[in-house]
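Taking it in order: structure first as structure tokens, then the write-up.
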Number of protein chains: 2
Amino acid sequence: MVRTIERLPKRQRHQQLSRLIDENPFITDRELTRQLKVSIQTIRLDRMELAIPELRERLKLMAERSYDAVRSLPLHEVIGDIVDLQLDRSGISIFEIRAEHVFSRTGIARGHHVFAQANSLAVAVINEEIALTATADIRFVRSVKLGEKCIAKAYVRSISGERSKAKVEVFSYVGDEMVFQGHFVIYRSTGETVIEGGI
Amino acid sequence: MVRTIERLPKRQRHQQLSRLIDENPFITDRELTRQLKVSIQTIRLDRMELAIPELRERLKLMAERSYDAVRSLPLHEVIGDIVDLQLDRSGISIFEIRAEHVFSRTGIARGHHVFAQANSLAVAVINEEIALTATADIRFVRSVKLGEKCIAKAYVRSISGERSKAKVEVFSYVGDEMVFQGHFVIYRSTGETVIEGGI
DNA sequence: CAGCTATTATAACCTGGTACTAATTATATA
DNA sequence: TATATAATTAGTACCAGGTTATAATAGCTG
């Protein structure tokens with residue numbers, strides 16, 4: 001194991017290689033030889049050492065990731081994971097604030113994501129075929145930050161007979177701190193199923 | 001052009017082929033020969049006729065799509081396309097309701113997407129480093145449906161000096177019908193830049 | 001100089017195709 | 001029934017973008 005001062009060029013090249021592939025996963029080894037001025041064999045040895053798969057494998061992995069993402073999009077139906085639900089009474093959901101939910105400069109969650117969790121919970125807790133938000137009166141008590149887990153609790157306050165509206169209150173917490181509260185009025189249209197655009 | 005009654009088997013196969021590739025884009029021609037019991041040349045002729053690219057092209061296209069999606073995620077910062085913006089005065093954004101925004105059984109847009117458009121426009125129109133929604137009072141006037149284009153118009157109603165709050169009204173329309181209205185109070189913290197989670 | 005790492009070269013082989021030519025089979029219509 | 005036409009199958013050459021393996025060369029260093 002000879003370890004001298006000048007063993008950098010390889011490491012530097014490895015870094016550059018990682019960076020290049022990272023910022024353009026569609027690059028071929030041949031392209032990389034041109035950019036890094038080493039033989040194609042060196043590139044391939046480097047990829048080996050760095051455990052970077054070949055172009056086609058990279059594309060396949062990306063395709064698989066996006067395919068899975070599309071498949072799990074129906075999960076997008078409700079924002080947050082519902083962990084408890086008593087129809088027409090109450091419900092609880094958990095929503096973790098991730099990078100895609102925050103203002104990138106501040107790491108503070110955009111209001112509509114916090115709202116979305118509360119709104120979809122308020123709709124879910126109503127035991128009806130079709131339930132739509134009519135009005136909402138909301139307050140963002142304190143900002144929610146990247147990585148925090150937002151726990152929303154919904155309570156159905158009143159259901160006007162078998163009629164059209166229900167009132168739902170939602171409170172969202174991070175730990176024991178309330179971060180959001182909202183009063184929702186939800187439309188509940190029981191009978192008619194007016195679906196259009198069939199086939 | 002001979003057109004008789006019994007020219008179906010090919011069309012049927014084409015349909016099956018399309019379906020198979022659609023539900024598993026990762027399938028090779030060789031696999032397809034096994035499933036459809038025809039030669040690999042037939043499979044390839046069929047793909048030609050149907051203009052279905054080869055496996056590797058399909059994966060590359062999927063990878064590109066997802067890569068673009070990730071790259072344009074910062075565009076996710078604002079929901080809807082802002083088409084006009086006069087800072088501290090008014091703004092307009094357009095948001096097309098797509099399949100991922102609606103209740104699948106009814107084709108009616110989920111409230112939080114309509115809200116998200118209005119909310120992000122209300123925040124965008126405020127000319128400040130950091131602007132956060134404090135409260136909102138919203139009303140969903142009529143439901144918005146799949147395929148409709150939602151046009152939100154925001155008006156800044158008052159700015160309390162150089163202080164902390166601004167009032168913004170947002171009205172959303174489909175055509176000339178108002179579908180949503182909201183009164184937002186937006187926090188505007190000028191000076192302090194309290195960013196955490198650095199590196 | 002020996003010994004070591006790093007790099008480059010060379011060749012065989014692989015997958016999943018395209019492009020092209022040709023033969024075979026099925027079908028339909030005059 | 002013959003024959004034109006369409007559909008299918010077969011076979012070959014070639015390609016990109018690699019892997020695997022084996023060997024040669026360069027460069028330093030003690």
Side-chain angles (χ1 to χ4, degrees), chain A residues 1-68 70-71, chain B residues 1-68 70-71:
Chain A
M1 291 295 157
V2 184
R3 197 151 307 174
T4 46
I5 317 117
E6 310 288 13
R7 196 52 52 80
L8 296 187
K10 189 177 177 183
R11 302 218 166 161
Q12 274 185 5
R13 195 184 57 236
H14 278 193
Q15 286 200 326
Q16 285 186 44
L17 187 95
S18 297
R19 189 177 49 73
L20 283 171
I21 293 180
D22 206 61
E23 65 191 32
N24 176 19
F26 301 87
I27 198 170
T28 63
D29 286 358
R30 210 167 300 278
E31 250 309 299
L32 289 165
T33 66
R34 274 197 283 277
Q35 308 226 7
L36 297 179
K37 310 285 186 193
V38 288
S39 75
I40 203 162
Q41 287 78 3
T42 302
I43 296 291
R44 287 168 178 171
L45 284 172
D46 285 355
R47 271 201 301 100
M48 292 273 186
E49 289 185 53
L50 296 169
I52 297 173
E54 64 170 287
L55 169 61
R56 286 159 173 175
E57 278 307 307
R58 295 198 299 270
L59 298 189
K60 192 177 175 188
L61 285 171
M62 292 176 71
E64 277 167 352
R65 262 202 297 107
S66 80
Y67 194 62
D68 291 349
V70 169
R71 300 228 109 176
Chain B
M1 290 297 156
V2 185
R3 195 151 310 173
T4 45
I5 316 118
E6 309 286 14
R7 195 51 53 80
L8 296 188
K10 188 177 177 182
R11 301 218 166 162
Q12 274 183 5
R13 195 183 56 236
H14 278 191
Q15 285 200 328
Q16 285 186 43
L17 187 95
S18 297
R19 189 177 49 73
L20 283 171
I21 293 180
D22 206 61
E23 65 191 33
N24 176 19
F26 301 86
I27 199 170
T28 63
D29 286 359
R30 208 167 301 278
E31 251 308 300
L32 288 166
T33 64
R34 273 197 283 278
Q35 308 224 7
L36 297 180
K37 310 287 186 193
V38 288
S39 74
I40 203 161
Q41 286 77 4
T42 302
I43 295 291
R44 286 168 179 170
L45 283 172
D46 285 356
R47 271 201 300 100
M48 290 275 187
E49 289 185 53
L50 295 169
I52 298 173
E54 65 170 287
L55 170 60
R56 286 159 173 174
E57 278 308 306
R58 295 197 299 268
L59 297 189
K60 193 176 174 188
L61 285 172
M62 292 175 71
E64 276 167 352
R65 262 203 296 109
S66 80
Y67 193 64
D68 290 350
V70 169
R71 300 228 107 175

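Per chain, numbering begins at 1; letters A, B, ... match sequence-line order. Atoms considered below: every heavy atom in the structure, side chains included; atoms not considered: hydrogens, waters and symmetry mates.
For B:R56, no side-chain nitrogen or oxygen approaches OP1 or OP2 of C:dT18 to under 4.0 Å. Residue B:R44 has no polar side-chain atom (N or O) positioned under 4.0 Å from OP1 or OP2 of D:dT9.
At whole-Å resolution of the value, CD1 in B:I43 and C1' in C:dG17 are 14 Å apart. Between the P atom of D:dT8 and the CG atom of B:D46 lies a distance of 7 Å, rounded to the nearest Å. The distance from atom CD of A:E57 to atom C1' of D:dG18 is 10 Å, rounded to the nearest whole Å. At whole-Å resolution of the value, CG in A:L32 and P in D:dA16 are 17 Å apart. One atom, CD of A:E54, and another, C1' of C:dG16, lie 12 Å apart when rounded to the nearest Å. Note: CZ (B:R47) to C1' (C:dA19) measures 13 Å, nearest angstrom. Put simply, NZ on A:K37 is 23 Å from P on C:dA6, counting in whole angstrom units. Rounded to whole angstrom, the span from the CD atom of B:E31 across to the C1' atom of C:dT15 amounts to 14 Å.
Under 3.5 Å, the side chains of B:Q12 and B:Q16 contain no donor-acceptor pair of N or O atoms.
Annotation: the span from A:I40 atom CD1 to A:T33 atom OG1 amounts to 5.5 Å, rounded to 0.5 Å.
Closest approach to the A:L45 side chain among C:dA19, D:dG18, C:dT8 is made by C:dT8 (side chain taken as heavy atoms from C-beta onward). Checking C:dA19, C:dT8, D:dG17 against the side-chain heavy atoms of A:S39 singles out C:dT8 as nearest. Taking only side-chain atoms of B:Q41, from C-beta outward, the nucleotide of D:dT19, D:dG11, C:dG17 with the closest atom is D:dG11. Nearest nucleotide to the B:T28 side chain, out of C:dA6, C:dG16, D:dT8: C:dG16. The side chain of A:M48 lies closest to D:dT20 when the candidates are D:dT20, C:dG17, C:dT7.
For the pair B:R44 and B:E49, the salt-bridge criterion is not met [side-chain N within less than 4.0 Å of a carboxylate O]. Under a 4.0 Å N-O distance rule, the pair B:R47/B:E57 does not qualify as a salt bridge. One finds a salt bridge joining A:R19 and A:E23 here, because a Lys/Arg side-chain nitrogen approaches an Asp/Glu carboxylate oxygen to under 4.0 Å.
In terms of position on DNA chain C, the residue among B:R30 and A:T42 whose nearest nucleotide sits closer to the 5' end is A:T42. Nearer to the 5' terminus of DNA chain D, by closest-nucleotide assignment, is the contact made by B:E49 (compared with the other of A:I52 and B:E49).
Residue-level contact check: A:R58 touches neither bases nor backbone, having no heavy atom under 4.0 Å from any strand.
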